[in-house]
Structures are given as structure tokens and as C-alpha cells.
Amino acid sequence: MGVEDPVVLESLANLSIDPAFVLDPEHRPTRKHNDYSISGGHVPVIDLAPLRQEKSSAEEGKVEPAVEDIVTKVGQACEEWGFFQVINHGVSLELLEELQATAKEFFDLPIEEKRKVRRTLNNGLGYYDTELTKNKRDWKEVFDFAVSKEFELHEGEENSSKTHNQWPSNPSRLREVCQKWSEAVERLALQLLGLISLSLGLPATHFHQHWHGAHMSAIRLNYYPVCPHPDVVLGVSRHKDPGALTVLVQDEVGGLEVRRKDGQWVGVQPRRDAFVINVGDAFQVWSNDKYQSIEHRVVVNENKDRFSFPLFFNPSAQTDVAPVPEILGQELPLYGPYNFGHFLATRSSGNYTLLGKENIQISDFAINRDST
Ligand SMILES: O=C(O)CCC(=O)C(=O)O
Ligand SMILES: [Fe+2]
């Protein structure tokens, strides 16, 4: 039964929210945003403290025993969950608090003020409040900025039509705080990239080439306002992240759910000292399905606004993504190569436009399977 059904339409008329937000019954949340009571295991937490003590050994390709233990845990988490949390990650709590306060100041502004930096068809960076995931409206507002310096405008380029960061004049410190945050989180992302590469039997620096120069990484400030009907909408509908890694910090409210291998939606319990990490579609392809990009979604609530700040750690636009020969060994590749820049551009366009079908997926490049 879809939302076009007359019975459903009648009951929607009694809700005080725009039907564009209302999900078909099978896609609605099944648990409250802060219910972690489900049995059968939760997203693992990995302590990165030994990395801080044995600095840079992972980068040099020498693996100390304590680091080897982390690599094993990262590998297991990627295989079993596609998600894990990390603590003792080296990003300062003070910086996080500064970002939280500044982001709140921005989202508290009147809508006309925020729309001064809204994203457009030509420029996907800035403020947005009508994103579509799987062709439904998400109950959220976002502010996106690119991490690579190439996306900053220089003097005289103010009216540039190329993709560029748009910084609001209010709060004026948002730009500086975001840039400090971006440097700190990018450092963590590169370290995680190294650990994941080691866990796949590759040198720590194997994938680093795709982040030299301009890469497509972006940071999103997600704001999920309180919602009068959290049982029929989602902050973000179920989706997979297209890039290599997502490195996300969430506040204490809760709401992120991950689809466990047994099909159950499991809440990721907030920890003030943790980042939530997941492997995206690119790692699923590089690893030839050893690590899978897992569906996740966000449940909202009636009482508390929620904030989360993901870094989508995306390779450069030129990167051709394909299973890595060293990982394949004798196995057949399960994907043909695709260009990351094209993939991301096509995927993103689905967030703006109401398409009649789901937008591009890595399964479009699947090969060597019985079902294809
Ligand atoms: O807010 C969250 O915890 C998750 C957000 C998310 O999955 C996304 O923005 O892609
Ligand atoms: Fe996501």
C-alpha cells in the first residue's frame, strides 16, 4: 500500500505535516530514536589509543603488535558490520563543542538568512532543506562544504558558477571553525584509511594516491529538528554512502540506525568521545564485497533537535574504482570499473530531483554473478 492509497491519504490529512515527508508503512521507523534494547549485538567500539603512542608506524608500513590488534578489530568490524565506533581518535572535544555551538547558531537563523547560501543546480555546496533520499523528503536541514582547498573561491571569483564553498556572513566564525574541524577529521580519516588498507592485506598507504590533490570529500552539518510525528518520517531514509569512508560525530540525542546483517535495524548508541565510521560503496568494490557498504537511516523525535557532522571521505573525481588485484588473488572481480566523479555526480542529482526510479548504485556495475 502506497501513500496514494485513499485510506492512507485520508489518515495523512489528519497529520500536521507535509505528506512529502510521510513514508510508506514498510519504510517507517520500528523503534524509538533512543531504544538500544535489541539483542544480538551492537556496532563495535575500537580504542585507537595505541596509535597515538606509536605514532606514524602504521604510515611507514611497520605494524607494531598493538596496532596489529586494532587492524584485526577494524577488519572484523568491517566484515561483520560495515560500521564501527572509534575512541581516543585524537580529535579535540573542545573543537567539537565549538563546532556544535556554531552550527546551532547557524541553523537557528531565520530560513531567509540561511537561504542566502543555499545550494543551487550549478553548485551543490551550501545550505539545503529539501533533500530527497529514495524520493522522499528527509526531516532535516543540511549545510555542506568541500574539504579540498580547490573548492574555495579567490578574490574576483565571487560570482563563479563552478562548484564552490559558500560561507555565510552569520555566524562569521563558521568558516574558520569548519576549516579547523575539517583538518582534524581529515587526519583521522587518512589514519582510518591506512588501518582498513592494512586489514585487507595492503600497505597502509595503498589508497592514499586518490586523496592527493583535489578530492571530492565533503563535510555535512546535519540538523534534525524536533518532529511532531516521528513515527511516520525519517531524518534520513535508508541509504548507503557512495564514497570510501564516512567519519561521523553525533550528539547525545541518538537516532542513527544501521541495518545489521540479519536485517534488523540497530541503533548506534551515542558516545561523547566517539566517532562513528562506516565503509562506503567504493570500499565494497575495492574489496570485491569482502567489506560491504551497509544501509543506515536516521530516526527523529518529538523532544530534542539532533545534530550530526559526517565527513564523506571521497576519492578524487578521476579515480576509477574497481576491485583491487592484490585483494582478488584468484577470485573473479564482481564489479567492472567506474569513474568516481561521474558516479557521485549522478548519485547526487537524485537528491535534488524527484526521479521515478532509484538513482545510480554500484550494483549497476556488477559482473560475474549468477544473477546477472
Ligand atoms: O545523522 C546521522 O547520524 C547519519 C547521517 C547520514 O547517514 C548521512 O548524512 O549520510
Ligand atoms: Fe549516510
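The figures that follow rest on heavy atoms only: side chains count, while hydrogens, waters and symmetry mates do not. First listed ligand is number 1; within each ligand, the first listed atom is number 1.
Here the closest non-hydrogen pair linking Arg118 and Gln166 is O-NE2, 3.0 Å.
At a threshold of 4.5 Å between non-hydrogen side-chain atoms, the residues Phe106 and Tyr223 do not count as touching. Taking 4.5 Å as the limit, some side-chain heavy atom of Glu141 sits within range of a side-chain heavy atom of Tyr127.
A donor atom on one side chain and an acceptor atom on the other are not found under 3.5 Å apart for Asn301 and Asn34. A side-chain N or O of Arg369 and one of Tyr335 form a donor-acceptor pair less than 3.5 Å apart. No donor-acceptor contact under 3.5 angstrom links the side chains of His33 and Asp35, judged on distance only. Looking at Thr246 and Asp241, their side chains do bring a donor and an acceptor atom within 3.5 Å of each other.
Against a heavy-atom cut-off of under 4.0 Å, Phe312 is close to the following atoms of ligand 1: 8 (C), 9 (O), 10 (O). Near Asp241, the atoms of ligand 1 lying under 4.0 angstrom from a non-hydrogen atom of the residue are 10 (O). Atom numbering of ligand 1 starts at 1 in the shown order; those under 4.0 Å from a heavy atom of His296 are 7 (O). Below 4.0 Å from some heavy atom of Leu256 lie the following atoms of ligand 1, by number and element: 3 (O), 4 (C).
Using a 4.0 angstrom heavy-atom cutoff, Lys140 does not count as in contact with ligand 1.
Considering Gly235, Ser308, Gly280, Pro310 only, the shortest heavy-atom separation from atom 1 (O) of ligand 1 involves Ser308. In this comparison of Leu221, Asn222, Val276, the heavy atom closest to atom 9 (O) of ligand 1 sits on Asn222. Compare His239, Glu295, Arg306 by their heavy atoms: the one nearest to atom 10 (O) of ligand 1 is in His239.
Residue Asp241 approaches the Fe ion (ligand 2) most closely through its N/O/S atom OD1.
Between His210 and Phe207, the ring planes are tilted. Angles from 30° to 60° get that label.
Counting heavy atoms under 4.0 Å from ligand 1, residue Arg297 does not touch it at all. By the criterion of a heavy-atom distance under 4.0 Å, the side chain of Leu248, and not its backbone, is placed next to ligand 1.
Between Glu105 and Arg173, at least one side-chain N (NZ, or NE/NH1/NH2) sits under 4.0 Å from a carboxylate O, which counts as a salt bridge.
Closest to atom 5 (C) of ligand 1 among all protein heavy atoms lies Tyr224 OH, 3.5 Å.
Of the N or O atoms in Gln250, none lie within a sub-3.5 Å distance of an N or O in ligand 1.
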